Undergrad: 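Handing you a structure now.
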Amino acid sequence: MDLNSLTIDSTRTAIAAKQISASALAQQFYGKIKAEDPEIHAYLTLCEDRALQQAKRIDDLVNRGAPLPPLAGVPIGIKDVMVTRGIRTTAGSKILDNFIPPYDCTAVARLEAAGAIVLGKMNCDEFAMGSSNENSAFGPVRNPRDKSRVPGGSSGGSAAAVAAGTAVATLGSDTGGSIRQPASFCGVVGLMPTYGRVSRYGLIAFASSLDHIGPLTKTVKDAAILLRVIAGRDPLDSTSADVPVSDYEADLTKPVSGLKIGVPREYFAEGLDAEVRAAVESGIARLRSSGCEIVQISLPHTAYAVPTYYLVATAEASANLARFDGVRYGYRAKGVRTLFEMYRKSRDEAFGAEVKRRIMLGTYALSSGYYDAYYLKAQRVRTLLTRDFEAAFQKVDAIVTPTAPTAAFKIGEKSDDPLSMYLADIYTVTADLAGIPGISVPCGKTQSGLPIGLQVLGRHFDESTVLRVAAAVERP
Ligand code: GLN
């Protein structure tokens, strides 16, 4: 089997046709991971026992001629911010270095119920805070397309494994762009569903009103297949939406001609790399030749999105991360004499610099006297950003933009400059703030061969249109 070219679609066909057993395929993936991943470092933990047990279950179904579930035998990796029963889950942090969760994240449970084989847990920025995967407590991930460069973040391991062919697909999480931006940097597809479309039960919280789980895959079709499995109401997450889940794969066959596609002028302004612009424009040209009507639009509050995001996200993070206190689980400092000293030293020794920076920023923005000026103001601007999209979607069916202002940057290039790192999210944070779905799909390459992603945004719960438009860009 050529593992590099396997898609979900081709894997399940090969398993069903008995070209390979699920067990043999999982073994081949582990062989490839052990040979190739030490250099990339996309995996933090492998779970061979659990994977091979599940593979055996699938092989039994195949041998009995029983009907196969939609992901039968498909090897998948899980970003290490989703808890897995009995399998170490770190969130990329030293504070959870030895954490073995007692339950499964709903998205993971749904994948396994659909027959997927969970190979292991993917490296990521600590608590999903970052745009380059350099904030992982366990060391960075290298971009398989150019190993001197970052894979993007925070789902860097999830994107790199798909690009390297060490997983057929992965799950990532997106709070400000962490699925779409690494997908763009690694030349794969990354889908952030509508807020509430996929249960967050078992997702270690970064910023609860912005967190989303979604797939990273080689093709748009694979993203459609995975989304259908993980989407839908979950009684364990009260923010999961009770909105019907479509057959996204079938929806892909509907034509895109006649769709109105908005191109927001604010996303093509200063700071956009010329090669990225050219590649995205060629993607837009493909949509035009598929019969889409391209419309210039404006999203006037875009300039406020990054500061708004970094206030809301850090405020929520400061509250969510209060639970890591050394008492119930995770790292506990040694040789302390008082309870307060135990809290303080545990957090000081086990959180990384970026996480501490955000806890301080968020605590400041929420503190009395500053709350109105920062947090409340940011919430108001968030509403304005959402209204920008609502007004735009009166006129257009989808919006197309670059995913990131540049292609993948060098490891170390921005790690000493948090502000320039934050600006890498300029085109992605808006969709998280508005709660709308977005996808990054490869649309071209730089002269030196680095992948470039095009972003498609859609109306709340209209992942079908987002996927269809992305598929039209993807088509050669
Ligand atoms: N890069 C952004 C941040 O650092 C987004 C992270 C994310 O989406 N998890 O917050």
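Remember, predicted model here, so these are calculated numbers, not experimental data. When a ligand or atom number is given, it counts from 1 through the structure's own listing order.
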Undergrad: How about R110 and S199: does a side-chain donor come under 3.5 Å of a side-chain acceptor?
TA: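 No, no side-chain donor-acceptor pair sits under 3.5 Å.
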
Undergrad: What protein heavy atom sits nearest atom 2 (C) of ligand 1, and how far away is it?
TA: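 In this structure, atom 2 (C) of ligand 1 has D425 OD2, 3.0 Å as its nearest protein heavy atom.
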
Undergrad: In terms of side-chain geometry, is the basic nitrogen of R149 or D146 positioned less than 4.0 Å from the acidic oxygen of its partner?
TA: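 Result for this pair is yes, salt bridge flagged.
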
Undergrad: In the protein, what heavy atom is nearest to atom 6 (C) of ligand 1, and what distance, to one decimal place, separates them?
TA: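 Of the protein heavy atoms, S178 OG, 2.8 Å lies nearest.
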
Undergrad: Can you check whether G130 has an N/O within less than 3.5 Å of an N/O in ligand 1?
TA: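 N/O-N/O distance below 3.5 Å exists for this pair.
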
Undergrad: Of the listed options (M192, R358, E354, H212), which comes nearest to atom 4 (O) of ligand 1 when hydrogens are ignored and any heavy atom counts?
TA: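 The nearest heavy atom belongs to R358.
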
Undergrad: Just distances here: any N/O of M129 and N/O of ligand 1 closer than 3.5 Å?
TA: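 There is no such contact.
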
Undergrad: Test D388 against every option in T383, I297, T430, L299 by the side-chain contact (heavy atoms from CB on, under 4.5 Å) rule and name the one that passes.
TA: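 Exactly one pass, corresponding to L299.
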
Undergrad: Take R468 and D251, measure what salt bridge (charged side-chain N to carboxylate O under 4.0 Å, His left out) needs, and give me the verdict at the end.
TA: CA-CA 7 Å; R468 257 160 78 207; D251 292 349; over 6 Å; no

Undergrad: Which of parallel (below 30°), tilted (30 to 60°) and perpendicular (above 60°) describes F127 and F351?
TA: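 Geometry flag for F351 against F127: perpendicular rings.
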
Undergrad: Any Lys/Arg nitrogen of K121 or D80 sitting under 4.0 Å from an Asp/Glu carboxylate oxygen of the other?
TA: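 Salt bridge: yes.
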
Undergrad: Can you check which of A313, G172, G176 brings a heavy atom nearest to atom 8 (O) of ligand 1?
TA: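 Nearest heavy atom to atom 8 (O) of ligand 1 lies in G176.
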
Undergrad: Got an N/O contact under 3.5 Å between G177 and ligand 1?
TA: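 G177 vs ligand 1: N/O contact under 3.5 Å present.
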
Undergrad: Using a plain distance cutoff, I'd like to know if S131 has any nitrogen or oxygen under 3.5 Å from a nitrogen or oxygen of ligand 1.
TA: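 Checking ligand 1 against S131, an N or O pair does fall under 3.5 Å apart.
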
Undergrad: Look at the aromatic rings of F409 and F185 and report parallel, tilted or perpendicular, splitting at 30° and 60°.
TA: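 Ring orientation, 0 to 90° scale: perpendicular.
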
Undergrad: Using a 4.0 Å cut-off to any heavy atom of D174, which atoms of ligand 1 qualify?
TA: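 Here the atoms of ligand 1 in question are 8 (O).
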
Undergrad: To which protein heavy atom is atom 3 (C) of ligand 1 closest, and what is the distance rounded to 0.1 Å?
TA: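 The protein heavy atom lying closest is Y310 OH, 3.2 Å.
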
Undergrad: Could you tell me, atom by atom, which parts of ligand 1 come under 4.0 Å of a heavy atom of A128?
TA: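 What qualifies from ligand 1 is 6 (C), 7 (C), 9 (N).
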
Undergrad: Could you tell me whether E463 and R197 have a side-chain N and a carboxylate O separated by less than 4.0 Å?
TA: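 Yes, this pair counts.
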
Undergrad: What atoms in ligand 1 come closer than 4.0 Å to a heavy atom of F206?
TA: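 Counting atoms of ligand 1 from 1, those under 4.0 Å from F206 are 9 (N), 10 (O).
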
Undergrad: Quick one: look up the protein heavy atom nearest atom 5 (C) of ligand 1 and list residue, atom name and how far away it is.
TA: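 Looking only at protein heavy atoms, the one closest to atom 5 (C) of ligand 1 is Y309 OH, 3.4 Å.
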
Undergrad: Give a yes or no on whether a salt bridge exists between R180 and D432, defined as a side-chain N under 4.0 angstrom from a carboxylate O.
TA: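 Salt bridge between R180 and D432, a charged N being under 4.0 Å from a carboxylate O: yes.
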
